Amino acid sequence: MECIRVNIGVLCLFSMWWCGKGIGVNWGTQASHPLPPETVVRMLRENGVQKVKLFDADYAILKALGKTGIEVMVGIPNDMLASVGGSIKAAEKWVAKNVSQHISSNNVNIRYVAVGNEPFLETYNGSYIQITLPALNNIQSALIKAGIGSQVKVTVPLNADVYVSSTNYPSGGDFRTDIFDPMLKIVKFLNDVNSPFTVNIYPFISLYSDPNFPVEYAFFDGNATPLNDGGTLYYNMFDANLDTLTHALRKNGFGNLPVIVGEIGWPTDGDRNANIEYARRFNQGLMTHISGGKGTPMRPGPIDAYLFSLIDEDEKSIDPGNFERHWGIFYFDGQVKYPLNLGTTNSGALVPAKDVHYLEKKWCVMKPSARLDDPQVQPSVSYACGLADCTSLGYGTSCGNLDARGNISYAFNSYFQKNNQLEAACKFPNVSMITKTDPTPTVGNCKFPIMIQPYYESTGYKFCCGQKPMGLVSVLVLILLTIL
């Protein structure tokens, strides 16, 4: 979020840093039907968002951000680290195409290059440990050669798992022993080039992975029993986590290194603790906590942070959990999920995306005459969910109260919508039909969404990963299901 700016009219009557920093958000694009970049940028501006963090350097997105003044962090995906880390020429080419060109030609306010994304994550089994620092070094050299080294800084967003505490208190914080040497080299490099340390902190993940985690400690209400670290009290996990990093940096001689919280947020679906109320409570508490300007016990002052995330992404990997597709403060179509005051609009309310174009109001559902024990039901549902998004189904989710027929209809409709309502996408053998009656329940938060028009359809060219109509393989599979 890069701090919170409170809009109180022409004069900024409170802390000076509120006026200068603004709010930041992560804008991910792993969606089958993304909104046009111009629509999202308009939404950013109408919500007073001053900073945005990207995970790549998509040309259409950067062009749309041109001349807006919004500060941009562009990203280099992990699968490109070997290329830019192994060749200074490749790094120079990347900077010329994805940074210099946009600054000079489109007047994009690029301020950071995120080299990789959580490359030291334990689940990567060390794949990027040796190449991350060379990539940082080469991109930094390329920025200097391009004459923008003072304007654009390098950083590397790291998961909070790069540091641990030997005592379970923040004061015991230090970098993980298995990556201690490469981490120290990266920290020294960032310090030498006046770049910030970027960390992603997720109290939700702690709650998700540990059934004994104290729920109240994840939030900012002050209702939790505080953690007493030698007289320093911690009332929430965020402060304790960030100060664990602070202690790790101090122990190694880099206590003054600037820190950015690259990702922090709360999902709204896909798990019993991922819901609208918890997300609103966490994110509003975060806004209030940061806007106070106090910082943490060991790092007083403004906290720079980017909220994760702006919009839901239905093509994100669900390996970490079904919640991964539901981090947005807006739904996939840019509509508001819950009340949230970012402190950046006169109304104190989120402003939804405008001029969103939807597909026709029709849905694919289970035929009323179809039997639940029909042998085609199970493979049809498995096929639909495997290629679409059924993460809103299951215990504790927004659609967790649907009956069996409702679950089946949800799966069919998800596949149907993702394939742009193609008639062949609702040909599950003898068990599905197209209806113009909205199957969305009248009670609760469950929605049977209608997809927005694909970007390539409404503008004449394909953006990112917009889902084209079903390919031949998908059609053949449905035909085979019909025959079997």
Side-chain angles (χ1 to χ4, degrees), residues 26-30 51-63 65-66 71-106 108-159 162 175 179 181-200 257-258 260 262-263 306 317 464-465:
N26 285 269
W27 177 1
T29 57
Q30 295 184 61
K51 301 174 191 288
V52 65
K53 177 171 167 282
L54 307 175
F55 294 89
D56 51 21
D58 182 89
Y59 179 84
I61 288 177
L62 287 170
K63 184 177 180 182
L65 286 164
E71 292 189 9
V72 180
M73 181 186 293
V74 296
I76 299 177
N78 290 337
D79 59 9
M80 291 187 64
L81 292 179
S83 173
V84 298
S87 165
I88 185 63
K89 290 294 183 184
E92 290 172 356
K93 184 177 179 180
W94 191 93
V95 166
K97 177 183 177 182
N98 299 296
V99 183
S100 301
Q101 177 184 341
H102 287 288
I103 291 175
S104 60
S105 301
N106 299 327
V108 183
N109 188 16
I110 298 175
R111 303 300 294 273
Y112 298 103
V113 176
V115 181
N117 183 47
E118 300 185 339
F120 287 10
L121 202 64
E122 288 186 277
T123 53
Y124 291 144
N125 298 316
S127 301
Y128 306 109
I129 288 178
Q130 299 305 321
I131 199 63
T132 300
L133 181 57
L136 275 168
N137 194 32
N138 284 352
I139 292 296
Q140 171 70 11
S141 298
L143 291 170
I144 292 172
K145 185 175 181 179
I148 53 177
S150 59
Q151 173 186 343
V152 184
K153 297 296 183 182
V154 294
T155 188
V156 50
L158 295 161
N159 189 277
V162 299
F175 297 111
I179 55 170
D181 289 340
M183 274 303 305
L184 215 56
K185 290 176 181 177
I186 285 177
V187 169
K188 183 181 185 304
F189 173 84
L190 294 173
N191 184 73
D192 290 345
V193 300
N194 297 313
S195 287
F197 187 107
T198 301
V199 62
N200 300 338
L257 187 67
I260 291 174
E263 298 178 18
Y306 290 81
S317 168
C464 178
C465 35

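Below, each value reflects all heavy atoms present in this structure, side chains not excepted, and no hydrogens, waters or symmetry copies. Quantities reported herein were computed from a predicted structural model and do not represent experimental measurements.
Listed by chain and number, the residues in a side-chain hydrogen bond (donor to acceptor under 3.5 Å, both in side chains) with Thr198 are Thr155 (sequence neighbours excluded). Legend: residues meeting salt bridge (charged side-chain N to carboxylate O under 4.0 Å, His left out) with Lys145, ordered by chain and number and at least two apart, are Glu92. Every residue two or more places apart in sequence or in another chain that forms a side-chain contact (heavy atoms from CB on, under 4.5 Å) with Ile129 is listed here: Phe120, Ile179, Pro182. Ser150 meets the side-chain contact (heavy atoms from CB on, under 4.5 Å) test with no other residue; sequence neighbours excluded. Residues satisfying the side-chain hydrogen bond (donor to acceptor under 3.5 Å, both in side chains) test with Ser100, not counting sequence neighbours, are none.
Distance check, rounded to the nearest 0.5 Å: CG of Asn138 to CG of Leu143 gives 11.0 Å. Atom NZ of residue Lys63 and atom OG of residue Ser105 lie 10.5 Å apart, to the nearest 0.5 angstrom. Distance check: Arg111 CZ to Ile148 CD1 gives 12.0 Å after rounding to the nearest 0.5 Å. To the nearest 0.5 Å, atom CG of residue Leu65 and atom CG of residue Leu54 are 6.5 Å apart. Rounded to the nearest 0.5 angstrom, Thr29 OG1 and Phe55 CZ are separated by 9.0 Å. Interatomic distance, Ser141 OG to Leu136 CG, rounded to the nearest 0.5 Å: 10.5 Å.
In plain terms, the two heavy atoms of Leu62 and Val108 that are nearest each other are O-CG2, 3.1 Å. The two residues Val115 and Ala135 have their closest heavy-atom pair at CG1-CB, 3.7 Å. Taking all atoms of both residues into account, the shortest heavy-atom contact from Pro196 to Lys153 is CD-CB, 4.5 Å. Summarising the geometry of Lys53 relative to Pro157, their closest heavy-atom pair is CE-CG, 4.1 Å, with the distance given to 0.1 Å. Across Asp56 and Asp58, no two heavy atoms sit closer than the pair OD1-N, 3.5 Å.
Residues Tyr112 and Val74 form no side-chain contact, since every pair of their non-hydrogen atoms from C-beta on lies 4.5 Å or further apart. Contact annotation: the side chain of Leu158 approaches that of Phe197 to within less than 4.5 Å [non-hydrogen atoms, C-beta and beyond]. Counting heavy atoms from C-beta outward, Ile103 and Val152 have side chains that approach closer than 4.5 Å.
Panel note: side chain Asn26, backbone Gly262; a donor-acceptor pair is recorded below 3.5 Å.
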Show every donor-acceptor pair shorter than 3.5 Å between a side-chain atom in residues 77-88 and any protein atom, with sequence neighbours excluded, or say none if there are none.
residue, atom, partner, partner atom, Å
Asn78, OD1, Asn117, N, 2.8
Asn78, ND2, Asn117, O, 3.0
Ser87, OG, Lys89, N, 3.3
Ser87, OG, Ala90, N, 3.0

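Under a cut-off of 6.0 angstrom, the local environment of CD in Gln130 is sparse, with at most 12 non-hydrogen atoms contributed by other residues, nucleotides or ligands.
Applying the ring pair (Phe, Tyr, Trp, His ring centres under 6.0 Å) test to residues at least two apart or on different chains, the pairs with a partner in residues 80-102 are Tyr59-His102. Screening residues 185-195 for salt bridge (Lys or Arg N to Asp or Glu O under 4.0 Å) gives Lys188-Asp192 as the qualifying pairs, with residues at least two apart or on separate chains. Screening residues 118-128 for side-chain hydrogen bond (donor to acceptor under 3.5 Å, both in side chains), with sequence neighbours left out, gives Glu118-Asn159, Glu118-Asn200.
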